[in-house]
Structure formats: structure tokens, C-alpha cells
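Contents: one structure, followed by commentary.
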Amino acid sequence: MSDIVVIGAGQAGAALVAKLRALKFEGSVTLLGEEPSPPYQRPPLSKAYLLGTMEEERLWLRNRAFYAEAGIELRLGARVTSIDREARTVTAGGEVLPYGQLALTTGSVARRLPEAAGGGLEGVFTVRTLADVDAMRPEFRPGRRLVVIGGGYVGLEAAAVGAKLGLAVTVVEMAPRILQRVAAAETADWFRTLHASNGVRILEGVALDRLLGETRVTGARLADGTELPADFVIAGVGIRPATELAEAAGLAIDNGIAVDSLGRSSDPAIWSAGDCASFPWKGGRLRLESVQNAIDQAETVAANMLGAGTPYVPAPWFWSDQFDTKLQIAGLNLGYDRVVTRGPEGASVSFWYYRGAELLAVDAVNDPRAYMAGKRLIEAGRSPAPEQVADPAVALKSLIA
């Protein structure tokens with residue numbers, strides 16, 4: 001019997017098995033992944049990897065030798081089809097594997113455009129896996145026309161790559177503005193201007209009616225009747241937690257696999273971490289889609305599988321690279337009622353989110369000092385007066401002194 005089996009060889013799965021060994025766990029560990037590549041970073045897929053400035057091996061979180069040397073059985077191309085909770089077994093590739101404890105780090109999957117809207121046409125792509133990006137990379141040739149459906153971070157990152165490579169790029173966002181769900185209007189305004197200055201056309205407040213074409217996409221018709229020619233389309237319309245296995249096994253689901261503060265599911269022998277898991281937070285439940293959460297929650301779960309009993313407390317951070325601009329985000333802006341702008345100072349500016357007098361989050365654009373200051377303040381539970389934040393004469397270091 002494998003003492004611990006982990007399903008999902010992404011950022012969370014890789015962090016979890018490595019932490020088990022770092023904590024001197026001596027039992028057997030098996031990591032099962034659907035993809036043929038070792039666990040890899042996903043954020044660079046829509047940035048450096050798509051742009052062609054990063055090779056696949058540089059995406060890998062650890063080289064293949066690490067797993068063998070650590071005594072971790074890494075099974076790639078191993079799609080798990082079922083979990084038998086009573087027998088404590090999983091079935092992968094027709095083989096039945098017993099477990100003592102099981103961790104689900106199945107991550108998330110890209111939402112696709114409906115078939116009825118042309119989502120199944122050739123030349124329509126999503127950005128989630130290496131295979132996704134490998135399939136679309138040949139399309140990125142100068143002069144071609146790219147339509148991006150969705151003005152979130154992934155869509156904007158793909159649009160930036162297209163523009164840098166000489167494509168004619170149009171972004172279509174059905175919400176009133178880009179980044180509607182994840183950022184304040186101030187941050188969205190900054191990035192709208194950035195994209196416009198680089199030749200990207202952004203259409204906001206208009207939905208997609210359907211994609212055009214017989215077998216391959218040739219364009220997009222919008223709800224207002226506008227037709228956009230397209231050589232290919234990228235759908236950046238969000239992701240959803242990969243909960244199918246957990247649902248079929250009868251585990252509790254609530255915006256992902258519902259776990260307690262330790263990371264344990266409704267089955268005491270099954271744990272979960274990463275994009276697929278929702279956990280208790282401030283009287284409700286929260287599910288985070290970030291590298292930070294995948295690593296930190298997975299490492300906490302690994303310790304708790306060994307009896308640590310440590311609740312997971314997130315300290316969220318995120319980032320996005322578009323053109324030559326780096327956005328770094330600290331905290332969660334949920335429930336903000338005021339945004340304070342610091343700057344701009346040259347190409348740097350930061351947006352500070354408050355709820356009443358409480359600092360919730362910081363969006364720092366080309367401003368690592370503001371990001372680090374905001375991150376330290378939020379993690380310490382400290383909230384400087386908004387007037388101080390907005391005053392360029394007040395040094396950032398004085399806010400954290």
C-alpha cells in the first residue's frame with residue numbers, strides 16, 4: 001500500500017510531496033499526474049513561454065531526478081478515473097492503487113466557449129496547460145489577427161504577447177471594463193492605456209454572440225452586430241476547480257473541494273490543497289487561484305497529514321507581466337470601498353485598497369517597494385492612514401517602521 005497518494009502533479013502536488021520528505025516522512029509517496037511533463041509552473045505559459053523566451057525545462061519546478069532521489073514515485077500520463085473511499089483505492093490507467101491517506105491537488109481547468117457559440121472550431125484556444133500553449137504558438141506570426149475573448153489577466157497577458165510579436169490584437173470583454181472581477185477601475189485604466197499604447201484594441205461592455213467559420217474560426221460576431229475578422233481566437237474566460245473526481249467520490253463540494261482549516265475534506269483520510277480547494281475564511285469560504293496559495297496550503301496540508309494540526313492562514317500575493325510592465329499584488333481586495341493612488345512616479349504607480357480604515361490589498365505597477373511595504377503591512381495587520389499613503393513626501397519605509 002502507498003502510505004500517501006497525491007492526485008494532481010501541479011504546483012500544489014509538487015509542493016506537498018516535497019514537504020512530506022522535508023518533514024522526514026519515511027513512508028511511500030506516489031504523485032499521479034495526467035500530463036506527460038513533470039510538475040511545472042503555469043504562470044509563465046501566457047508570458048515568457050508563449051513569447052518564446054523560456055524553454056520547457058525551465059518551467060519544471062524540479063528536475064526528474066529529484067523525485068527519484070527523494071523516494072517519490074512520480075507517475076506521469078496517469079489519469080485517475082475513480083476513488084473508492086471504502087476500499088481506500090484509486091484507479092489510474094486501469095491499475096488499482098491502495099492508499100493510507102489521499103491528497104487531491106487536481107487544480108483547475110480552463111473554461112471553454114460553448115459549442116453553440118463556436119467554441120469547438122479549429123483555431124480556438126485556451127491557456128492553461130503546456131499542450132494548450134504548444135498548440136497555439138505556431139499561430140503567433142506577424143500580421144495575423146488575434147481576437148481574445150475575456151479581459152482578465154490571462155487574456156491581457158496573451159494579448160500583450162501577440163502585440164509584441166507583431167499581431168493585430170483585439171480584446172473583447174463583456175463586462176463594463178477589463179479586470180472587472182479582480183481589480184479596481186484605477187488599475188484597469190492603467191492597463192487599458194498600456195495596451196492601447198502598444199496597439200491593442202480593447203472593446204468593453206459587449207458580449208460575444210458567436211465565433212464564425214465552418215470548421216475553422218474566421219471571425220467573431222459580437223452582440224451588437226460587430227464582426228471581427230480573426231485568424232485565431234484565445235478564450236480567456238476564467239477557470240473552474242477540477243472537482244469531478246471528488247464529486248464522484250461523494251466528497252463535500254462548495255466552490256471547490258470543501259476542506260476544514262487543516263485542509264481535510266469531508267472524508268478524514270482525504271485532504272486537498274490548491275486551486276481545487278475551498279477553505280474557511282472570515283466566517284465564509286474562500287478559494288484562491290495563485291502560486292502562493294498552491295505552495296503554502298499544500299505545505300500546510302503535508303504537515304497536517306503528519307499530525308501537525310496547524311490551521312492554514314493565507315497571505316495572498318499574485319503577479320502579472322504585460323509588455324515591459326510588472327504588476328505585483330499583495331492581499332485580497334474583497335469588500336474594498338476606497339482606492340488610494342500613490343504616484344505615478346515615472347512608470348511606477350500603486351493602488352491601495354481600503355475598507356474603512358483597514359488596508360486590504362495593494363496593486364503595485366513597476367513598484368516593488370510599494371509591493372513589499374504593502375505586503376508587510378497587510379501580513380502584520382497594520383493599516384497606515386490613507387492620507388499618508390497618498391502623500392509622495394511620506395517615505396514608504398516610514399509606513400512600516
Side-chain angles (χ1 to χ4, degrees), residues 3-17 19-20 30-34 42 79-92 97 99-111 128 181-182 238-318 331-335:
D3 294 301
I4 294 179
V5 172
V6 181
I7 302 175
Q11 189 94 52
L16 197 156
V17 296
K19 188 65 172 180
L20 288 172
T30 303
L31 177 60
L32 303 172
E34 280 193 18
R42 294 193 190 276
R79 181 171 177 268
V80 178
T81 53
S82 66
I83 300 168
D84 185 331
R85 290 166 50 196
E86 186 174 344
R88 289 200 181 183
T89 62
V90 301
T91 301
L97 304 173
Y99 65 82
Q101 294 188 88
L102 178 66
L104 301 179
T105 53
T106 47
S108 52
V109 294
R111 296 185 185 277
R128 188 62 190 159
R181 186 178 65 88
V182 293
I239 59 179
R240 61 173 180 79
T243 59
E244 291 84 354
L245 271 175
E247 289 182 56
L251 297 179
I253 305 294
D254 185 353
N255 183 28
I257 302 167
V259 300
D260 63 16
S261 62
L262 304 182
R264 196 191 300 264
S265 78
S266 55
D267 182 323
I270 301 178
W271 307 73
S272 187
D275 287 8
C276 63
S278 71
F279 54 91
W281 188 74
K282 295 188 176 181
R285 298 195 72 80
L286 181 66
R287 187 177 61 82
L288 292 173
E289 301 165 358
S290 73
V291 170
Q292 168 274 323
N293 177 67
I295 295 171
D296 292 353
Q297 189 180 24
E299 291 188 345
T300 300
V301 166
N304 290 336
M305 293 177 86
L306 305 184
T310 304
Y312 174 58
V313 180
W317 50 261
F318 314 83
L332 289 174
N333 63 22
L334 302 177

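We number each residue from 1, following the sequence as shown.
Checked against salt bridge (charged side-chain N to carboxylate O under 4.0 Å, His left out), Glu299 has no partners two or more places apart in sequence or in another chain. Partners of Val80 under the side chain to side chain contact (heavy atoms under 4.5 Å, CB included) rule, at least two apart in sequence or in another chain, are Ile7, Leu32, Val90, Ala92, Leu245. Evaluation of the side chain to side chain donor-acceptor pair (under 3.5 Å) rule for Arg79 yields no partner, not counting sequence neighbours. Remark: Arg128 engages Ser108, Asp275 in a side chain to side chain donor-acceptor pair (under 3.5 Å) (not counting sequence neighbours). Listed by chain and residue number, Arg85 satisfy the side chain to side chain donor-acceptor pair (under 3.5 Å) test with Asp267 (two or more places apart in sequence, or in another chain). In this view, Asp260 satisfies the side chain to side chain donor-acceptor pair (under 3.5 Å) rule with no residue, not counting sequence neighbours.
Atom OG1 in Thr300 sits 11.0 Å away from atom CH2 in Trp271 (nearest 0.5 Å). To the nearest 0.5 Å, atom OG1 of residue Thr89 and atom OH of residue Tyr99 are 7.0 Å apart. A distance of 10.5 Å separates CG in Leu102 from OG1 in Thr30, rounded to the nearest 0.5 Å. To the nearest 0.5 Å, atoms CD (Gln101) and CZ (Arg264) are separated by 7.0 Å.
For the pair Ser266 (side chain) and Ala252 (backbone), a donor-acceptor distance under 3.5 Å is present. Listed for the Thr105 side chain is no donor-acceptor partner under 3.5 Å among the backbone atoms of Ala12. In this structure, Ser265 contributes its side chain and Ile270 its backbone to a donor-acceptor pair below 3.5 Å. Looking at Arg240, its side chain never comes within 3.5 Å of a backbone N or O of Val109 through a donor-acceptor pair.
Considering only heavy atoms from C-beta on, Thr243 stays 4.5 Å or farther from Thr106 through its side chain. Contact check for Val259 versus Val301: no side-chain heavy atoms found under the 4.5 Å cut-off.
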Verdict with supporting geometry, Ile83 and Leu104, side chain to side chain contact (heavy atoms under 4.5 Å, CB included): CA-CA 11 Å; Ile83 300 168; Leu104 301 179; 3.9 Å; yes
Test log, rule side chain to side chain contact (heavy atoms under 4.5 Å, CB included), inputs Leu288 and Gln297: CA-CA 10 Å; Leu288 292 173; Gln297 189 180 24; over 6 Å; no
Test side chain to side chain contact (heavy atoms under 4.5 Å, CB included) on Leu334 and Lys282; report intermediate values, then the result. CA-CA 11 Å; Leu334 302 177; Lys282 295 188 176 181; over 6 Å; no
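Across all non-hydrogen atoms, the minimal contact from Phe318 to Gly331 is CE1-O, 3.7 Å. Closest non-hydrogen pair, Arg111 versus Ile239, comes out as NE-O, 3.4 Å. Residues Ala15 and Ala298 come closest through the heavy atom pair CB-CB, 4.1 Å. Here the closest non-hydrogen pair linking Gly309 and Leu262 is C-CD2, 3.6 Å. When every heavy atom of Cys276 is checked against every heavy atom of Ala273, the shortest pair comes out as SG-O, 3.6 Å.
Looking at Tyr312 and Asn293, their side chains do bring a donor and an acceptor atom within 3.5 Å of each other.
A side-chain contact (heavy atoms from CB on, under 4.5 Å) with Arg287 is found for one member of Asn255, Asp254, Ile257 and no other, namely Asn255.
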